[in-house]
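Just below is one structure, and these are the notes that go with it.
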Amino acid sequence: MQENTPDYPQKKDRKKRKDVSAWEQTLRWLDVKWYSENKLREKLTRLAYPVDEIEEVLQKCREYNLVNDTALANEFVQSQSARGRGSRRIAMELYRHGLTGDVAKNALLQLENNEEESARNALQSKLSSWKNEPDWRKRREKAFRFLANRGFPPDAVYTVLDEEPSLNYSVDYD
């Protein structure tokens, strides 16, 4: 068990800062990273700020364009898509970040046309690691799991798998 010695200093207790206004606290958070309105409301509520003060702060943030859920959702969708993630996973992450409803739906509409292309690109980066697997069925199963875990919808996954020759049975007539 750890003792309070100079070698092992005691952990400091985290204190809620009651002397900091909700506006100042919000600016501190937004200085570090972007938050959705819902997340800011949730964080301020956890620190027990009054509801009317929270709404006033959020209105001020909208006035100064410090909180813009639409822009945040669009940027998030673009960055996640570029990282090889599918629409299902991105939708889940948007929800986790407090971006829901029409804002999330409109941002996800960007992905409709290039879902298969994103899945194809993600698969190409992984195919070389499966080249030593002799059974094409196992390669196909691994590819399916990989793309499904990335959040691509089943129809896009099957289309991409059917197009890839190394993942399909081929008869060699030598």
Side-chain angles (χ1 to χ4, degrees), residues 14 22 25-47 54 57-170:
R14 290 191 146 196
Q25 183 61 54
T26 302
L27 290 177
R28 287 178 183 178
W29 286 329
L30 290 173
D31 191 35
V32 176
K33 74 177 200 177
W34 288 93
Y35 288 97
S36 69
E37 250 184 80
N38 288 340
K39 276 294 181 187
L40 283 175
R41 184 176 287 111
E42 187 180 299
K43 288 170 79 70
L44 289 169
T45 303
R46 247 186 274 137
L47 292 180
I54 292 172
V57 165
L58 292 175
Q59 180 59 36
K60 215 174 189 182
C61 285
R62 281 188 296 259
E63 273 180 38
Y64 294 123
N65 203 23
L66 296 174
V67 173
N68 185 344
D69 287 352
T70 304
L72 180 62
N74 289 335
E75 185 178 322
F76 185 79
V77 166
Q78 288 296 334
S79 69
Q80 293 298 303
S81 178
R83 293 180 70 191
R85 304 248 164 81
S87 61
R88 299 173 97 185
R89 180 157 177 188
I90 294 172
M92 181 186 67
E93 292 291 325
L94 283 172
Y95 178 78
R96 194 173 66 85
H97 286 289
L99 298 164
T100 58
D102 291 337
V103 172
K105 286 178 187 174
N106 292 336
L108 288 169
L109 286 175
Q110 301 172 26
L111 299 178
E112 263 184 16
N113 299 331
N114 65 348
E115 190 89 54
E116 288 178 11
E117 186 62 33
S118 296
R120 203 172 287 115
N121 291 338
L123 182 62
Q124 289 303 318
S125 68
K126 198 72 173 163
L127 276 176
S128 62
S129 65
W130 300 322
K131 66 182 175 192
N132 293 333
E133 177 61 54
D135 188 8
W136 67 273
R137 287 181 215 95
K138 287 184 181 178
R139 284 194 306 266
R140 188 174 174 95
E141 288 172 12
K142 288 179 182 182
F144 181 87
R145 279 194 310 272
F146 172 74
L147 292 174
N149 286 337
R150 286 285 179 107
F152 292 102
D155 57 337
V157 172
Y158 284 120
T159 302
V160 170
L161 293 181
D162 290 342
E163 293 172 356
E164 181 57 43
S166 65
L167 301 175
N168 293 299
Y169 179 73
S170 63

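Just the heavy atoms: all of them, side chains too, but no hydrogens, waters or symmetry mates, feed the values below. Remember, it's a predicted structure, so these values are computed and weren't measured experimentally.
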*At what distance, to the nearest 0.5 angstrom, does CD of Gln59 lie from CD of Glu37?*
8.5 Å
_A side-chain contact here means heavy atoms from C-beta on lying under 4.5 Å apart; do Glu164 and Arg140 qualify?_
no
*Return yes if some donor-acceptor pair links the side-chain N/O of Asn74 with the main-chain N/O of Thr70 below 3.5 Å, else return no.*
yes
*With a 4.5 Å heavy-atom cut-off, do Leu30 and Leu40 have their side chains touching?*
yes
*For the atom pair CG (Leu147) and CZ (Arg120), what is the distance rounded to the nearest 0.5 Å?*
11.0 Å
*Determine the minimum heavy-atom distance between Leu72 and Trp34, stating which atoms define it.*
CD1-CB, 3.8 Å
*Please identify each residue that fulfils side-chain hydrogen bond (donor to acceptor under 3.5 Å, both in side chains) with Glu75, with sequence neighbours left out.*
none
Please table the atom pairs, donor to acceptor, closer than 3.5 Å between any side-chain atom in residues 101-109 and protein atoms at least two apart or in another chain.
residue, atom, partner, partner atom, Å
Asn106, ND2, Asp102, O, 3.2

_Please find the pair of heavy atoms, one from Pro165 and one from Glu163, that lie closest to each other, and give the distance._
CD-O, 3.2 Å
_How close do Leu44 and Trp29 get, counting heavy atoms only, and between which atoms?_
CD2-CZ3, 3.5 Å
*How long is the gap from CZ on Arg62 to CG on Asp69, to the nearest 0.5 Å?*
9.0 Å
*Do the charged groups of Arg46 and Glu42 touch, with an N to O distance under 4.0 Å?*
yes
_Minimum side-chain heavy-atom gap Ser118-Leu111 below 4.5 Å_ = no
*Verify, without hydrogens or angle tests, whether Gln110 (side chain) and Gln78 (backbone) share a donor-acceptor contact under 3.5 angstrom.*
no
*Which pair of non-hydrogen atoms, one from Thr26 and one from Cys61, has the smallest distance, and what is that distance?*
CG2-SG, 3.8 Å
Distance-only donor-acceptor pairs under 3.5 Å for side chains of residues 150-160, two or more places apart:
residue, atom, partner, partner atom, Å
Arg150, NH1, Arg83, O, 3.4
Arg150, NH1, Gly84, O, 3.0
Thr159, OG1, Asp155, O, 2.8

*Could Lys60 and Glu63 be called an ion pair, given the rule that one side-chain N must be under 4.0 Å from one carboxylate O?*
no
*Leu123 and Leu167, any side-chain heavy atoms less than 4.5 Å apart*: yes
*With a 4.5 Å limit on heavy-atom distance, are the side chains of Gln25 and Lys43 in contact?*
no
*asked:* Quick check: do Arg89 and Gln80 have side-chain heavy atoms less than 4.5 Å from each other?
replied: no
*asked:* What I'd like to find out is whether the side chain of Glu93 reaches to under 4.5 Å of the side chain of Ile90, using heavy atoms alone.
replied: no
*So which heavy atom on Ser36 is nearest to which on Leu99, and how close?*
CB-CD2, 3.5 Å
*Please lay out, stage by stage, how Glu141 and Lys138 fare under the test salt bridge (charged side-chain N to carboxylate O under 4.0 Å, His left out).*
CA-CA 5 Å; Glu141 288 172 12; Lys138 287 184 181 178; over 6 Å; no
